[in-house]
There are 2 protein chains.
Amino acid sequence: MTRSIEIVEVGPRDGLQNDPVLMPTELKIEFVERLIAAGVKRMEAASFVHPKLVPAMADSDDVMARVPRVDGVRYIGLALNERGMRRALDSGCDEVNFVMVASEGFGKRNQNATPEETADLFDRIAVLAHDDKVPVSVTISVAFGDPFDGEVPVDTVAMLAGRAANAGAMEIALGDTIGVANPWDVRQRIDAVRDAAPDARLRMHFHNTRNTALANVFAAVEAGVDVIDASVGGIGGCPFAPAATGNVATEDVVYMLERGGFDTGLDLDKLIETAKWLESEGLKHPVESMLSKAGGFPS
Amino acid sequence: MTRSIEIVEVGPRDGLQNDPVLMPTELKIEFVERLIAAGVKRMEAASFVHPKLVPAMADSDDVMARVPRVDGVRYIGLALNERGMRRALDSGCDEVNFVMVASEGFGKRNQNATPEETADLFDRIAVLAHDDKVPVSVTISVAFGDPFDGEVPVDTVAMLAGRAANAGAMEIALGDTIGVANPWDVRQRIDAVRDAAPDARLRMHFHNTRNTALANVFAAVEAGVDVIDASVGGIGGCPFAPAATGNVATEDVVYMLERGGFDTGLDLDKLIETAKWLESEGLKHPVESMLSKAGGFPS
């Protein structure tokens, strides 16, 4: 039987959040519609943070009010605090994603919190989602390295995973926010997280800053992980992570997995079309993905 | 004990061969010197094919006459036929690399030969290298897919590997000439080649055309392969392989392997310097590698 891998499309949130171009709401809706046409069933579509800090997400309430409601398509909203969690729930997100941070250097600059403080905060606000019966997941950011502190102890990542699971996270993601991970370390950290949170469903969030993202996806899938974040075109980055250019591209992930015999449920040609639409209309600048340049396997 | 992975630097041959810029001999020698300073011990430096077909390699005899002869540094010359083999041996190459082709579509266009014909040819000319006591290796090109024929049967690759081993190849490389390989297929083809040529030392040659090269390196290293081709900057391509843009970049491979706990003997900073020298002086155009943009792990 063909094994299925779920790709969570993060282009409309993590992708657009850090793009130099502010995409108008109208085009964001078109972007989401194109993703659905390509088979996307689960996507990050909004971020409920302060609009002054992330201007590209200032229209998140409006986006959530206008996205098409299609059977089987789920929208994830990002929240970093209680106010964001409340807004995400009120806006009709199908899921909320909360971010814990695995290192102090990044944590202080990104959300003014230490790793422990982000875990404490999740304890307090996860209950809001539970009260509303909305699933909540946790992404552990800079889980493979911090732009300011360098090495991130695997024990910190495991501790946060354990706390996320205890507080009721339905899924835990390890985020390589600045694109430093290598596949051997991916395997090691997955093992450590499994020890700390044996029942948690795992998701991986890789950036391709140092070209290792697909190697990391391969290592994660080999380690049994079934859920992978990616953005069409490989758009995105991180304002607090110097040179952190881009999520791994959805079409590149899909090419590798489908050629490797996995089912992603996504249409490679339509993903490539969407990447080209980003280049010509959505963002009007080149994107990083390779499949959008090279095309699929020759036939 | 730390496991060592040997990186064969192919920039001066496979890299330059397909670059739009014809690098003058003087700069090629500087390129080679910079590579040696970065720790490179084994590199493709010349190609003995017809200068009308590959103008960038027309000065190969001259290059071989002028490269620094340093203890422990070995130069590989490429040969596709008897005349090329003779020239490579006469020019003082420390090794010769011969190319078999795994598919007819590419074979007919690249060297006007079927897979079997390339194996027959190797039978005849390997003896020239043996007579001169020069090691000869074989690269099986388009071993993961052909730009014209599409799928390449694993049996053809295994057959060629068996014939290469029988004719005395001291090493067999699987070449993903057009960058279509995926890591699961890498593992499968390595297994098949091991069955057909149990004593052969294996080398892998990946292009990053579809972003999978480092995943393929990881799969190969996990499967026990100890020798990887790469080019500084990720320069290179293939004139008969549409959109085949670039070998996997040496500095990207070195980053992943060294972070994964392996020893490559190469100096990442000096490799990045050399990539930047290619951009500013050697080729005067941007190169594809990611490490040369992002830098190493933050410290």
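A note on names: the letters A, B, ... follow the listed sequences, proteins ahead of strands, and every chain is numbered from 1. Only heavy atoms go into these numbers, but all of them, side chains included; no hydrogens, no water, no symmetry mates.
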Let me know if [X] has heavy atoms under 4.5 Å from chain B in its side chain, its backbone, both or neither.
X	result
A:Asp185	neither
A:Glu222	side chain
A:Val221	side chain

Worksheet, complete the sentence: For A:Ala215 and B:Phe218, the nearest pair of non-hydrogen atoms, with its separation, is O-CD2, 4.2 Å
Worksheet entry | Minimum heavy-atom distance between B:Pro147 and A:Pro298, given as atom pair plus value | O-CB, 3.6 Å
Discussion item. Taking side chain as everything from C-beta outward and backbone as N, CA, C, O, which of these in B:Ala219 sits under 4.5 Å from a heavy atom of chain A? Side chain, backbone, both or neither.
Written reply: both
Worksheet entry | Positions in residues 249-264 of chain A that reach chain B, provided some heavy atom is under 4.5 Å away | A:Asp252, A:Tyr255, A:Met256, A:Leu257, A:Arg259, A:Gly260, A:Phe262
Worksheet item: In terms of heavy-atom pairs under 4.5 Å with chain B, which of A:Asp146, A:Asp149, A:Leu214, A:Val248 leads?
Response: A:Leu214
Worksheet entry | Most contacts with chain B, counted as non-hydrogen pairs under 4.5 angstrom, among A:Asn216, A:Val217, A:Asn208 | A:Asn208
Item to complete: Find out whether B:Asn211 and A:Ser289 are in side-chain contact, i.e. whether some heavy atom of one side chain is under 4.5 Å from a heavy atom of the other.
Response: no
Discussion item. At a heavy-atom distance under 4.5 Å, which candidate from B:Gly150, B:Ala181, B:Pro183 has the highest pair count against chain A?
Written reply: B:Pro183
Item to complete: Write out all pairs satisfying side-chain hydrogen bond (donor to acceptor under 3.5 Å, both in side chains) with one or both partners inside residues 268-280 of chain A, taking only residues at least two apart or from two chains.
Response: A:Glu30-A:Trp277
